[in-house]
Amino acid sequence: VLVAEGGPACYSSTVYRMAEGAMEHVDVVSMNSDSVLPTIEKLQSNGYLVVATSPSEENAVSLFDVKLQASLRKKPLLLVFGSEAQGVST
C-alpha cells in the first residue's frame, strides 16, 4: 500500500481496529506526494494493470462489473484510490 504524505491517517487506532490486524500482513509505504505518480508509472511499465477509482458516476464502471481479458487477469493489479471528494488527481 502506497500512501502519500499528508494523506489518510492509516495508522490510527480506529483504522487498525477496522482492519482487524490485516495491517500486520500488508506492507504500507508512506512517500512524498511527488513520488506517487512516477512510482505508479514505473509499476505500470513493469507489467502491472493499473485501475483507478473515481467519485464521479460519469462513465464509471463498478469494479464488480469489470470483465478482464484472460491475458489481463494474469497481471499483478495496482488499485489506485483517491480522496472521497476529489478522487485521483495528478
Side-chain angles (χ1 to χ4, degrees):
V1 176
L2 302 177
V3 179
E5 292 173 352
C10 61
Y11 297 110
S12 74
S13 60
T14 301
V15 171
Y16 192 82
R17 279 193 312 276
M18 296 299 290
E20 296 183 0
M23 291 176 68
E24 295 176 8
H25 304 283
V26 175
D27 293 326
V28 178
V29 177
S30 179
M31 63 175 47
N32 182 298
S33 297
D34 296 334
S35 301
V36 174
L37 183 57
T39 300
I40 291 170
E41 290 170 340
K42 183 169 184 156
L43 289 169
Q44 188 172 23
S45 70
N46 284 319
Y48 278 75
L49 174 63
V50 178
V51 176
T53 63
S54 171
S56 170
E57 292 185 23
E58 185 176 328
N59 299 319
V61 176
S62 168
L63 287 174
F64 297 106
D65 295 333
V66 173
K67 304 283 190 251
L68 296 176
Q69 299 170 5
S71 61
L72 294 177
R73 281 186 240 143
K74 295 178 183 177
K75 287 185 161 196
L77 177 65
L78 173 64
L79 292 173
V80 180
F81 295 91
S83 70
E84 291 178 69
Q86 301 296 320
V88 176
S89 61
T90 57

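Remark: L78 CG to N46 CG distance equals 11.5 Å, nearest 0.5 Å.
Here the closest heavy-atom approach between residue P76 and residue G47 is recorded as CD-O, 3.7 Å.
Among the candidates T39, N32, I40, the single residue satisfying the side-chain contact (heavy atoms from CB on, under 4.5 Å) test with V36 is I40.
Between V80 and V50, the closest side-chain pair of non-hydrogen atoms falls below 4.5 Å.
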